[in-house]
> 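I have a structure I would like to understand better, so I am pasting it below and will then ask my questions one at a time.
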Amino acid sequence: MSSTDITINQDVHHPHEEHDHHHDQNFIEKYIFSQDHKVIAKQYLITGIAWAFIGGFLSILFRLQLGWPEATFTFLEPILGGWVENGKLNPEFYLALVTMHGTIMVFFVLTAGLSGTFSNFLIPLQIGARDMASGFMNMLSYWIFFISSVIMFLSLFLETGPAAGGWTVYPPLSALPQAIEGSKGGMTMWLISMALFIVSQLLGGVNYITTVINLRTRGMSMTKLPLTIWAFFITAVLGLLAFPVLFSAALLLIFDRSFGTSFFLSDIFIAGEALAHSGGSAILFQHLFWFLGHPEVYIVIMPAFGIVSEVIATNARKPIFGYRAMIGSLLGIAVLSFVVWAHHMFVTGMNPFLGSVFMFLTLIIAVPSAVKVFNWLATLWRGNIRFTTAMMFAVGFVSLFISGGLTGIILGNSALDIQLHDTYFVIAHFHLVMGAAAFFGMFAGVYHWFPKMFGRMMDDKLGFVHFWLTFVAVYLVFMPMHYIGIAGFPRRYYAWTGFEVFNGFTDMNMFISISAILGFSAQFIFLFNFVYSIFRGRKTTLNPWHSNTLEWTTPVNPGHGNWPGEIPAVYRWPYDYSKPGAVEDYIPQNVPFSQTQSSNLPQERDFE
């Protein structure tokens with residue numbers, strides 16, 4: 001059976017239509033354990049926002065320590081209890097803060113929050129499907145993620161504290177419960193939480209891939225898919241291939257911790273006592289971690305690629321430049337992301353020849369990335385640009401991706417990386433390219449699709465204030481970090497004032513901390529705008545941005561099943577903006593060529 005046959009069949013007989021027609025849903029079925037992809041998307045979004053504020057707050061706590069290492073913070077004692085003594089942050093809790101901040105932001109916000117929200121919301125709407133291939137599996141995916149979130153959150157309240165071995169959880173700190181306080185119950189909860197998180201990601205990924213392949217509406221060939229869908233689809237494939245490797249690493253780590261195995265441990269002494277572990281290798285764990293870890297960079301940033309492409313084309317009122325090249329670059333990045341993991345391990349004693357191979361592969365991935373940047377800039381060139389808030393964040397994304405990408409070329413060079421490894425240069429690089437840039441993509445998506453999610457508009461003035469404060473703060477935080485990183489300032493140090501060579505960076509660290517507080521504070525403007533607009537925002541029209549994709553053909557508040565009648569067929573690609581001869585500067589995908597004779601190109605006339 002072809003995909004076209006399948007999509008036609010879903011118009012005739014669809015389980016969700018039966019569900020809607022024959023069973024009134026109560027509050028719990030409709031909003032809590034919903035199988036509607038739009039509700040699940042909002043659940044991911046709201047959970048992701050909550051996690052982002054928690055993760056951001058943790059970073060402010062350790063930035064206080066780094067910015068004012070000799071100061072006392074007695075006002076934190078009522079909040080953090082025993083973790084602050086006489087106004088001083090406990091050093092082990094400092095390490096736990098760094099660990100939890102990285103874990104939360106990378107996995108719970110930028111993976112689940114970004115991809116979970118927009119893949120769920122847009123895939124069925126943009127390909128013309130009633131819902132995901134399996135609504136039940138989709139619901140299960142969110143709730144397993146939620147349970148993993150609860151476990152991770154509860155670890156913050158353990159007497160011995162949450163995991164403190166860094167977000168990469170390298171052994172032996174993660175493998176030996178007696179190593180440090182954070183290696184005890186906190187590490188166990190970290191591993192259980194991550195195992196559940198990976199299960200939820202795999203359930204979601206299988207659903208996304210199945211839906212895109214099988215449930216496209218009539219006429220929606222793969223070459224008519226919006227770039228958002230291509231990005232979500234490839235992201236799901238990446239996750240499906242990479243996450244099981246981290247799952248296996250976590251499983252083996254649990255064995256080492258609890259059952260006396262030695263996969264990652266060998267010749268360990270604690271307090272002069274020789275442990276029984278032998279034959280394992282901590283480097284093996286690093287291989288397994290980074291085999292997921294580097295594709296994870298693209299699992300985080302690739303959905304933002306799709307969102308930004310859509311927002312830029314819509315607001316530049318131009319066809320996206322190089323549609324097929326954009327798809328090719330997504331595929332190229334996906335393939336190359338699996339063969340570059342070892343550049344994270346240049347300092348582990350890797351054979352120089354092997355290091356050269358991974359350096360070459362790492363630098364090659366800059367080519368498809370540069371193609372994407374060039375095409376975004378070419379799309380903007382001479383466009384009739386509308387500076388909506390979403391567009392501001394999309395352009396900001398391009399700026400941050402260029403800045404972070406350029407420093408990535410430096411770190412991809414093994415000779416330079418060995419010098420800069422574990423300095424703030426690395427921190428600045430990956431925060432720009434996969435932290436701040438991914439956040440900007442997320443914000444662009446929220447501002448752009450908020451009307452479709454909630455039937456109301458977000459306030460543009462507050463959006464602009466949010467954008468400019470965040471944009472300025474990001475550069476004020478991370479550009480100085482490049483400078484102190486080149487000077488050798490190390491990451492994860494609690495008490496750097498003990499080294500005279502670093503005392504010259506006192507003012508710089510204070511400046512970075514103040515900028516970080518400014519950037520974090522700006523997010524409350526977004527939070528206010530988001531919550532206020534859900535209830536009091538201006539009501540939206542059917543297609544407020546005059547966009548071409550199918551989601552804007554549904555009612556303002558689409559019910560479960562998305563379209564009340566037949567699903568519209570697709571006749572054209574999603575980027576028919578400003579076509580010569582057209583009456584409007586946009587032509588939605590469901591408009592047949594027979595209705596736009598004056599703007600059809602010669603080959604397009606052949607379709608009707």
> Mind checking whether Phe321 and Phe374 have parallel, tilted or perpendicular rings, split at 30° and 60°?
perpendicular

> Regarding Lys579 and the six-membered ring of Tyr586, is the cationic atom NZ or CZ under 6.0 Å from the ring centre and inside 45° of its axis?
no

> Is the number of heavy atoms from other residues, nucleotides or ligands under 6.0 Å of Phe53 CZ greater than 12?
yes

> Do any N or O atoms from the side chain of Asp460 and from the backbone of Gly463 form a donor-acceptor pair under 3.5 angstrom?
no

> Is the Phe393-Phe443 ring centre distance short of 6.0 angstrom?
yes

> Is the number of heavy atoms from other residues, nucleotides or ligands within 6.0 Å of CZ (Phe146) greater than 12?
no

> For His294, what residues pass the ring-ring contact (aromatic ring centres under 6.0 Å, His included) criterion, not counting sequence neighbours?
Tyr298, His343, His344

> OG1/Thr553 to CD/Glu551 distance, rounded to the nearest 0.5 angstrom?
8.0 Å

> Once you measure the plane-to-plane angle for Phe489 and Phe505, does it fall in the parallel (<30°), tilted (30-60°) or perpendicular (>60°) bin?
perpendicular

> Using every non-hydrogen atom in the two residues, find where Gly396 and Phe471 come nearest and quote the distance to one decimal.
CA-CE1, 4.0 Å

> Can you name the nearest heavy-atom pair linking Ala438 to Ile301, along with the distance?
N-CD1, 3.8 Å

> Please evaluate residues Leu45 and Met453 with respect to the criterion side-chain contact (heavy atoms from CB on, under 4.5 Å), reporting the C-alpha separation (whole Å), side-chain torsions for both, the decisive distance (0.1 Å), and the verdict.
CA-CA 11 Å; Leu45 177 61; Met453 286 184 175; 3.9 Å; yes

> Assess Lys452 against Phe121: is NZ or CZ under 6.0 Å from the centre of the six-membered ring, and within 45 degrees of the ring's axis?
no

> Which residues pass the salt bridge (charged side-chain N to carboxylate O under 4.0 Å, His left out) test with Arg317, sequence neighbours left out?
Asp585

> May I ask you to check whether Tyr447 and His466 show a side-chain donor-acceptor distance below 3.5 Å?
yes

> Could you go through Ser337 and Leu238, starting from their C-alpha distance and side-chain angles, then the distance that decides it, and tell me whether this counts as side-chain contact (heavy atoms from CB on, under 4.5 Å)?
CA-CA 9 Å; Ser337 71; Leu238 277 180; 3.5 Å; yes

> Using a strict threshold of under 4.0 Å (side-chain N to carboxylate O), is an ion pair present between Lys38 and Asp36?
yes

> Of all heavy-atom pairs between Gly441 and Ile307, which one has the smallest distance, and what is that distance?
O-CG2, 3.5 Å

> After noting the C-alpha distance and the side-chain angles of Leu227 and Ile320, does the key distance pass the side-chain contact (heavy atoms from CB on, under 4.5 Å) rule?
CA-CA 9 Å; Leu227 287 173; Ile320 194 79; 3.9 Å; yes

> With rounding to the nearest 0.5 angstrom, report the CG to CG distance, Asn120 to Asn138.
4.0 Å

> Counting only heavy atoms not in Phe524 (residues, nucleotides, ligands), do more than 12 fall under 6.0 Å from its CZ?
yes

> Compute whether any side-chain donor of one residue and acceptor of the other, for Thr379 and Tyr575, lie under 3.5 angstrom apart.
no

> Do we see a donor-acceptor contact under 3.5 Å between the side chains of Trp51 and Ser149?
yes

> Return the CD1 to CZ distance between Ile427 and Arg491, rounded to the nearest 0.5 Å.
4.0 Å

> Show the nearest heavy-atom pair for residues Pro451 and Thr540, with the distance to one decimal.
CB-OG1, 3.5 Å

> For Ser309 and Tyr323, which I'm curious about, is there any donor-acceptor pair between the side chains at under 3.5 Å?
no

> Enter the distance from Asn562:CG to Thr217:OG1 here, rounded to the nearest 0.5 Å.
11.5 Å

> Show, in sequence, the C-alpha distance, side-chain angles and deciding distance for Phe62 and His101, and conclude whether the ring-ring contact (aromatic ring centres under 6.0 Å, His included) test is met.
CA-CA 10 Å; Phe62 66 73; His101 167 73; 5.6 Å; yes

> Going by atom types only, do Tyr577 and Glu584 share a side-chain donor-acceptor pair under 3.5 Å?
no

> State the CD1-CG distance between Ile40 and Asp131, to the nearest 0.5 angstrom.
7.0 Å

> Quick one: pull up CG in Asp507 and CZ in Phe511 and give me the separation to the nearest 0.5 Å.
11.0 Å

> Does Phe291 form a ring-ring contact (aromatic ring centres under 6.0 Å, His included) with Phe338? I'd like the steps, not just the answer.
CA-CA 7 Å; Phe291 191 81; Phe338 282 106; 5.7 Å; yes

> Side chains of Gln126 and Thr228: any donor to acceptor distance under 3.5 Å?
yes

> So with a 6.0 Å cut-off around CZ of Arg492, is the heavy-atom count from everything else above 12?
yes

> Does one side chain, of Arg572 or Thr596, offer a donor that lies under 3.5 Å from an acceptor on the other?
yes

> Check step by step if side-chain contact (heavy atoms from CB on, under 4.5 Å) holds for Leu246 and Phe289.
CA-CA 6 Å; Leu246 181 62; Phe289 181 88; 3.7 Å; yes

> Evaluate Tyr571 against Phe593 for ring-ring contact (aromatic ring centres under 6.0 Å, His included), listing each step before the verdict.
CA-CA 7 Å; Tyr571 300 94; Phe593 287 103; 7.6 Å; no

> Between Tyr208 and Phe233, is the ring centroid distance below 6.0 Å?
no

> Which label fits Trp290 and Trp167: parallel for a plane angle under 30°, tilted from 30 to 60°, or perpendicular past 60°?
perpendicular

> Hydrogens and angles aside, do Thr111 and Glu296 bring a side-chain donor and acceptor to less than 3.5 Å of each other?
yes

